[in-house]
Number of protein chains: 2
Amino acid sequence: MTVTPPARSPRRRVPRNTLNPDRILGAAVALLDRRGTEALTMRALAQELGVGTMAVYSHFKGKDEIIDAVNERLIGEIELPSGSGAPREQLIELCLGVYRLFSEHPSALQLLTSRPLRGDEAVAVIDRMLCLLIEAGLEPSAAVRAQVALMQYTIGASLWAVRRRRAECGEAEAGLQERIRRRLADLPPDSYPSLAGLAPELVTAQQSGRAQYEAGLAALLDGLLRT
Amino acid sequence: MTVTPPARSPRRRVPRNTLNPDRILGAAVALLDRRGTEALTMRALAQELGVGTMAVYSHFKGKDEIIDAVNERLIGEIELPSGSGAPREQLIELCLGVYRLFSEHPSALQLLTSRPLRGDEAVAVIDRMLCLLIEAGLEPSAAVRAQVALMQYTIGASLWAVRRRRAECGEAEAGLQERIRRRLADLPPDSYPSLAGLAPELVTAQQSGRAQYEAGLAALLDGLLRT
DNA sequence: ACCTGAACACCGTTCAAGT
DNA sequence: ACCTGAACACCGTTCAAGT
């Protein structure tokens, strides 16, 4: 007597060519934005696409290749400055574009974090920054140092903002403020009495991601471009 | 007839109290430095300690708690500046301490990346930076903004250096240089002819992690401290 | 209190097979 | 060529049990 299998999956075999790299990357980004890095799973990705787990492997060699492609696609979305305006303004515009991208896709930044930057899209952004820095009057070698510094600061600020937002979810805002205040109150009050009153400002600075980034970027550009 | 079990584990039951949080964290850091984030596994950690997998759970609630504790321990290792010297020099000394820590423990930085900063040790570093910035003449609110910017830049630079080193392992250096050169050569040669010759300098800047960091830090401090 | 192995619900990926 | 499920070697963690 033959036993009928549990037939647990009501999903029918999907028509051919329903899948392509673009659809897969779209689903990956959606998953990342909606549920975070830990939710980006080959099984979850396939389910999001309504397809068997292994179908994805026909288009990408594995999870690492998908992650690289996601990063490349997102970096490609950064809009290069229009070209009008002073070099300094265009630099700010471009850096803000990078910052905004990572703020909108925090999980992508987290993924980028563990992998080298492979793609040509990233090189396009770097090129543009270099051009603008040279246009602003820097010598080639100084421009290269400045470009790296701008990217480093932008990535660090994005990461900080992402982590900050994540912390807010976990810990009540009052909790953080209280901890900082307590810590500051422990300082010898005769040396820096002003510090004890700084907790609100600290919390504010950590909250205002974008304004904080713009202030730091302005300072960095001041230091880099000053002749 | 009783079947003797395969007896696959020659490890004897370990004496009591061989384990404590400190030993566990030491093993975790060793594992991280030696084999990277992906190798930090509850099973691997227990093996490193010569103990059954579940023994660790008597001292930490789970992997997340261990990661937080590792971060806290490492941040505690940052040496605060001695206190002599101009505020600006002390700021550089302190920031370099943070940078050095993350350069020596790249995996720790990667772990820190996905989690909010919880520990008191981090607050100690932040405190010191704030004191020095106020000592350097900044108003409290400006000091707070500057402190966040310094941390953001330092984290970004560390991350960049870590990723750079990882990329070197994967990709031949010549490969990267060639890709950048090709990309730069594609630019319209009449607009920025100097860019095509910049590839060597780009590669150099990416390689010299610490010197690059110091240059960027100096520029940022110039911008932040200028009255 | 501290340490143990077995078991559970996951994960990425290999494989042989279907269409 | 493209999609499939079963199977393999992992993972963190729960659990009941030993000492």
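All chains are named by letter (A, B, ...) in the order of the sequence lines, taking the proteins before the strands, and each is independently numbered beginning at 1.
- When side chains are defined from C-beta on, A:Val29 does not count as touching A:Glu77, because their heavy atoms never get closer than 4.5 Å.
- With both pairing distances under 3.5 Å, C:dC8 is matched to D:dG12 as a Watson-Crick or G-U wobble pair.
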- Task: Mind running side chain to side chain donor-acceptor pair (under 3.5 Å) on B:Thr154 and B:Tyr213 for me, showing each step along the way?
- Result: CA-CA 8 Å; B:Thr154 301; B:Tyr213 172 70; 2.8 Å; yes

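- Applying the 4.0 Å criterion to OP1 and OP2 of D:dC3, one finds that A:His59 has a side-chain N or O inside that range.
- Under the 3.5 Å distance criterion, with hydrogens and angles disregarded, a donor-acceptor pair is assigned to the side chains of A:His105 and A:Asp33.
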- Sugar-phosphate or base contact per nucleotide [nucleotides 10-19 of chain D; S, B, -; heavy atom under 4.0 Å]: -BBBBB--BB

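- Pairing for D:dA1 goes to C:dT19, judged as Watson-Crick or G-U wobble with the two contacts each under 3.5 Å.
- What separates CG of A:Leu49 from C1' of D:dC2 is a distance of 14 Å, to the nearest Å.
- Checking side-chain atoms of A:Gln90 against main-chain N and O of A:Gly83 turns up a donor-acceptor pair under 3.5 Å.
- Counted within 6.0 Å of CD on B:Glu214, heavy atoms from surrounding residues, nucleotides or ligands total more than 12; the atom is thus considered enclosed.
- Nucleotide C:dC2 holds its P atom 11 Å from the CD1 atom of B:Ile24, rounded to whole Å.
- Ion pairing of B:Glu48 with B:Arg35 is absent here, as no side-chain N (NZ or NE/NH1/NH2) approaches a carboxylate O to less than 4.0 Å.
- For the pair A:Asn20 CG and D:dC3 C1', the computed distance is 14 Å after rounding to whole Å.
- Between the CD atom of B:Gln47 and the C1' atom of C:dT4 there is a distance of 16 Å, rounded to whole Å.
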